[in-house]
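We number each residue from 1, following the sequence as shown. Computed from a predicted structure; not experimentally measured.
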Amino acid sequence: MGLLERLEDYTAGDMYPFHMPGHKRQGFLEKGPCAFPNPYLIDITEINGFDNLHHATGILKESMDWAAKQYGAKKTYYLVNGSTCGILSAVFATTKCGGKMLISRNCHLSVYHGIVLNRIEPEYVYPESIDSFGINGEIRAKEIEEILSENKKMADHGRDKRIEAVLLVSPTYEGIVSDIRRIAKIVHAFQIPLIVDEAHGAHLSFAPEDNFFPESALSQGADLVIQSLHKTLPSLTQTALLHVKSDRIDQNKVERYLRIFQSSSPSYLLMAGMERCIRYMVQEGRDEMIRYKGRLVHFYEKMHKLKKLKMLDGAHKDPSKLVISAQWTEGLSGEKLKDILRERFHLEAELCAPEYVLAMTSLMDTDAGFARLEEALLAIDREYVAFGKKESRKKIFSCIMPSATQVLSPARALEEEEFRIPLAEATGNISKEFVFLYPPGIPILVPGEKVSKEILSRIFSFQSAGLPLQGLSDPEFSTILAVACPDKSMIK
């Protein structure tokens, strides 16, 4: 069976998608907000009258200018290579080659690829932790201020490079948001731009203004924002937007690097789909977001009946991301919970971590879909036993970002001589490889960082849980490439 036949066979079944893309397979060639003609009939190239994305002066320029007005941006660019090409372009447009950048350590792998390619020396700010769920929390504005202040002091005395830009992710994969408004004011006080990877927040610009959904970074002072339309809105996979919001960003540089990192043959199908998606959101979509809010409110109310499973709720979170933890439930892990949802209830979640499952929702989810998830979780909750008050809760296999010691910049580490060592014996060595779970693609270990006992413990716990670890060149994940340097105190 080929890929197309496999896809057709899968979608013909009753598996319900609590995962990306945000259109939830609703009405691609039929009626609906993302209805589309036969794709073969409209798949063209840069012929007369249809403009050129890399030198837009006609219909594509008009479309992107219109999109910018809808978002309140100074300039909006269509991305046909996903948020990745927007993030790469943002890194290059705001930093010099070999410069310095402050990034949140829980950024996506694409950010790290950007700092490798531009030979950036990264300074890391670590997120707070939500210990009860074992996940990363928000980035604290105060910590950013402290790092920037210390860097300025060192740079003024010639002892460090000056940080040229700050890049954060908000919302995170699990929906955790940071106080972008306060962070932006701090960053701007140091005369540098703030970039926000809002790949998981494309829907926030269209949310009702009642604080149920968090505010988009676009309206909180961020200078450059990257959004993945396909993650949370009715748009095809690989479609995204890059918004320039302020004069702190050089648009000419952004466009220069977009020409490098985007395909030279951008798909008109994807671009037309992006315009269709935004047009829908501007028109019917705002009302649909209100109805979507109602479905989420109803779902969370139903989940109050859970006795053993727990839902992550509260402030500083996008409620559209459903984080369901099994850590208080005896005999149940995140992986097992996801398997039960798939095999018994035909519900496909986005991600499973050691102790929780992430179900991604969008305004395209149906009442019936939410009802199926409600019934499934309540049924599972009845079947399992919670830990008693006198019993110790099982140890959490945390997904909280472990602290690491950066010895070399990632680019420098990748250029050094290497040797292969058993992973179990790698403590104290400098890694030349990434290690990450995919999804979500956030590195546990980055080239140039020292392998610590804590990081190894985290890797082995993920391995034992059967989670999808990637990054090492050894397919068996038993060895790692380390930097072969005689002086382990090498500077960045």
Side-chain angles (χ1 to χ4, degrees), residues 87 90-107 111-112 114-129 136-170 177-197 217 220-225 245-250 253 400-413 430-431 443 445-450 452 454 483 485 487-492:
I87 287 171
V91 170
F92 274 72
T94 57
T95 58
K96 298 182 181 70
C97 181
K100 195 176 185 71
M101 189 177 214
L102 176 60
I103 71 169
S104 55
R105 184 57 180 77
N106 60 328
C107 276
V111 173
Y112 292 90
I115 65 177
V116 166
L117 290 172
N118 208 28
R119 302 183 60 79
I120 298 299
E121 292 184 10
E123 183 85 26
Y124 296 125
V125 55
Y126 279 77
E128 295 288 301
S129 59
N136 295 303
E138 64 179 300
I139 299 293
R140 295 293 185 186
K142 183 178 180 181
E143 190 167 353
I144 288 179
E145 185 172 28
E146 290 171 352
I147 293 172
L148 291 177
S149 295
E150 180 62 23
N151 171 258
K152 182 180 184 302
K153 187 186 305 180
M154 298 287 285
D156 287 346
H157 289 85
R159 295 198 294 268
D160 198 359
K161 296 178 181 178
R162 193 176 300 278
I163 290 172
E164 300 173 73
V166 177
L167 197 163
L168 309 176
V169 55
S170 179
V177 295
S178 297
D179 187 349
I180 298 300
R181 178 170 282 104
R182 186 179 171 201
I183 292 171
K185 289 179 181 177
I186 290 169
V187 171
H188 294 160
F190 288 86
Q191 305 300 313
I192 57 176
L194 173 63
I195 304 162
V196 177
D197 174 2
Q220 295 188 72
D223 300 289
L224 199 155
V225 178
K245 182 70 175 179
S246 80
D247 292 334
R248 295 181 186 87
I249 302 298
D250 187 332
K253 285 186 177 180
I400 295 168
M401 187 60 58
S403 180
T405 300
Q406 182 190 355
V407 181
L408 304 172
S409 71
R412 175 76 181 277
I430 302 169
S431 176
L445 183 64
V446 173
E449 289 181 343
K450 189 172 289 187
S452 67
E454 181 187 8
V483 174
C485 55
D487 182 5
K488 295 294 178 65
S489 64
M490 290 173 65
I491 60 172
K492 301 169 190 176

Quick check: closest heavy atoms across [X] and [Y], and the distance to 0.1 Å?
| X | Y | result |
| --- | --- | --- |
| K96 | N118 | O-ND2, 3.5 Å |
| S178 | S170 | N-OG, 3.1 Å |
| Q406 | P122 | OE1-O, 3.1 Å |
| V196 | A217 | CG1-CB, 3.8 Å |
| R119 | A411 | CA-CB, 3.8 Å |
| I120 | S409 | O-CB, 4.0 Å |

Legend entry - Short side-chain to backbone donor-acceptor contact, N151 and I163, under 3.5 Å: yes

Note, [X] side chain near [Y] side chain (heavy atom, < 4.5 Å):
| X | Y | answer |
| --- | --- | --- |
| D223 | H188 | yes |
| K152 | L148 | no |
| R105 | P443 | yes |
| R162 | I192 | no |
| L102 | F190 | no |

Distance from [X] atom [atom1] to [Y] atom [atom2], nearest 0.5 Å?
| X | Y | atom1 | atom2 | result |
| --- | --- | --- | --- | --- |
| L117 | Y112 | CG | OH | 15.0 Å |
| I115 | M101 | CD1 | CE | 9.0 Å |
| I249 | L194 | CD1 | CG | 9.0 Å |
| R248 | Q191 | CZ | CD | 7.5 Å |
| L167 | T94 | CG | OG1 | 7.5 Å |
| L224 | K245 | CG | NZ | 12.0 Å |

Let me have the donor-acceptor pairs involving side chains of residues 136-146, under 3.5 Å, with sequence neighbours excluded, atom names and distances please.
| from | atom 1 | to | atom 2 | distance (Å) |
| --- | --- | --- | --- | --- |
| N136 | OD1 | M401 | N | 2.6 |
| N136 | ND2 | C399 | O | 3.4 |
| E138 | OE2 | R140 | NH1 | 3.4 |

Inset, instruction - Please name all residues satisfying side-chain contact (heavy atoms from CB on, under 4.5 Å) with R181, sequence neighbours left out, ordered by chain then number. - result: D179, K185, E215, Q220

Legend entry - D247 CG: over 12 foreign heavy atoms closer than 6.0 Å: no

